[in-house]
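Everything on this sheet refers to the single structure shown next.
Remember, predicted model here, so these are calculated numbers, not experimental data. Side chains included, hydrogens not; waters and symmetry mates left out as well; all remaining heavy atoms used.
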Amino acid sequence: MCGRYVLSGTPSELSAYFGLQDCPDFLPRFNIAPQSDIPVIRQRPEIGLVGQIVRWGLVPSWAKDSSIGAKLNNARAETVADKPSFRSSFTRHRCIIPASGYFEWQAVSRNGKAFKQPWYIRPTEENAYFAMAGLLAKWVAPDGSNLITACVITTEPNGVMTPIYDRMPVILSGNDIGTWLDPVNHDRNVLIPILKSVADETMKAVPVSLSVNRAGNEGPELIQAIELSE
DNA sequence: CCAGACGTTGTT
DNA sequence: GTCTGG
DNA sequence: CCAGACGTTGTT
DNA sequence: GTCTGG
């Protein structure tokens, strides 16, 4: 899955990489947790690609209160087009969630004890970004205010992720990014097939320290590779 | 028909 | 809003 | 995702 | 065990 990630670049770097027409300000983050405000990329008709800050944790428009968002950090690619919580977002409100990399926890046994080893997964290419496939939803609070939220779509693991975990975020590349973001594209026969695990060569995984476990911790040391002891 | 759920993950 | 269960 | 709390009453 | 907060 994808429950913690990194976006360490600046708005101008992100704009240059993805060709954004506009991007709000944001700070570099090394430990982004669900319920955080995050930058996403969407396509505006007549304008092009733009950045926008939304909350991670999808709140569907029909929700009675926003608490359901705490559960909807991810959506499964296999069912996203059909589930009531995601269906309309899949048809109309797709986005890219840009990431410098993401974390995954590997269940291991060390000295006979269950233990979770965190890994950092980043693009093979330096200074590149992952374009994670995401969904958006707008929820209107009882007081009339709007809440825009997002979730990350997950799929089966590729060869890099299989030893670590049995799910991974959908990462789009090349033409698939434009196809996914095109707001007039409502064809599930086109959209569903691009939600596959990305090629092994595009990513590398390194083990990192347990510091990342605590969501309040921040800083580049969180993505520093460590030596694994037996 | 109305009522109630609507999700993923991991763990048992 | 829309689907499932009763 | 993981970490940490999980409660009421009354007093400061 | 389950929910909330980060």
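In this model, no donor atom of one side chain and acceptor atom of the other lie less than 3.5 Å apart for A:R55 and A:Q35.
Judged purely by atom type and a 3.5 angstrom limit, A:S100 uses its side chain to pair as donor or acceptor with the backbone of A:S8. Proximity of a side-chain donor or acceptor of A:R4 to a complementary backbone N or O of A:N213 within less than 3.5 Å is detected. A:N31 places a side-chain N or O within donor-acceptor distance of the main-chain N or O of A:N217, the cut-off being under 3.5 Å. In this structure, the side chain of A:R76 does not engage the main chain of A:E78 through any donor-acceptor pair within 3.5 Å.
Residue-level contact check: A:T79 touches the backbone only, with heavy atoms under 4.0 Å from sugar-phosphate atoms and none from bases. In this structure, A:F103 reaches neither bases nor backbone, as no heavy-atom distance under 4.0 Å exists between it and the strands shown. Residue contacts shown for A:S67 are absent, as no nucleic acid heavy atom lies under 4.0 Å away.
If you take atom P in C:dG5 and the same atom in B:dT8, they sit 16 Å apart, rounded to whole Å. The gap from the C1' atom of E:dG6 to that of B:dG4 amounts to 32 Å, rounded to the nearest Å. Atom P of E:dT4 sits at a distance of 10 Å from the matching atom of D:dG7, rounded to the whole Å. Taking atom P in both D:dT9 and B:dA5, one finds a spacing of 29 Å when rounded to whole Å.
Listed by first and then second residue, the ring-ring contact (aromatic ring centres under 6.0 Å, His included) pairs that reach into residues 38-88 of chain A are A:Y5-A:W56, sequence neighbours excluded. Contacts classified as ring-ring contact (aromatic ring centres under 6.0 Å, His included) and involving residues 192-226 of chain A (residues at least two apart or in different chains) are not found.
A heavy atom lying under 4.0 Å from DNA chain D marks the following residues of residues 207-227 of chain A, by number: A:N213, A:R214.
Rounded to the nearest 0.5 Å, atoms CZ (A:F115) and CD (A:Q106) are 9.5 Å apart.
Base pairing in DNA chain D yields stems of at least 3 consecutive Watson-Crick or G-U pairs, both distances under 3.5 Å, namely D:1-6 with E:1-6.
Surrounding CG of A:N146 are more than 12 heavy atoms belonging to other residues, nucleotides or ligands, all under 6.0 Å away. Residue-environment remark: CD (A:E156) stays at or below the threshold of 12 foreign heavy atoms within 6.0 Å. Around the CG atom of A:N127, the shell of radius 6.0 Å holds no more than 12 heavy atoms that belong to other residues, nucleotides or ligands. Within 6.0 Å of the CG atom in A:L27, the count of heavy atoms belonging to other residues, nucleotides or ligands does not exceed 12.
Nearest-nucleotide positions on DNA chain E place A:K71 closer to the 5' end than the other of A:K71 and A:R4.
A:I223 is not connected to A:V160 by any chain of hydrophobic side-chain contacts under 4.5 Å among Ile, Leu, Val, Met, Phe, Trp and Tyr, and they are in different clusters.
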Between the protein and nucleotides 1-6 of chain C, which nitrogen or oxygen pairs are less than 3.5 angstrom apart?
unit_1 : atom_1 : unit_2 : atom_2 : d
C:dC3  : OP1    : A:R87  : NH1    : 2.6

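Mapping heavy-atom proximity under 4.0 Å, the span of DNA chain D touched by chain A runs 5' to 3' from D:dC1 to D:dG4.
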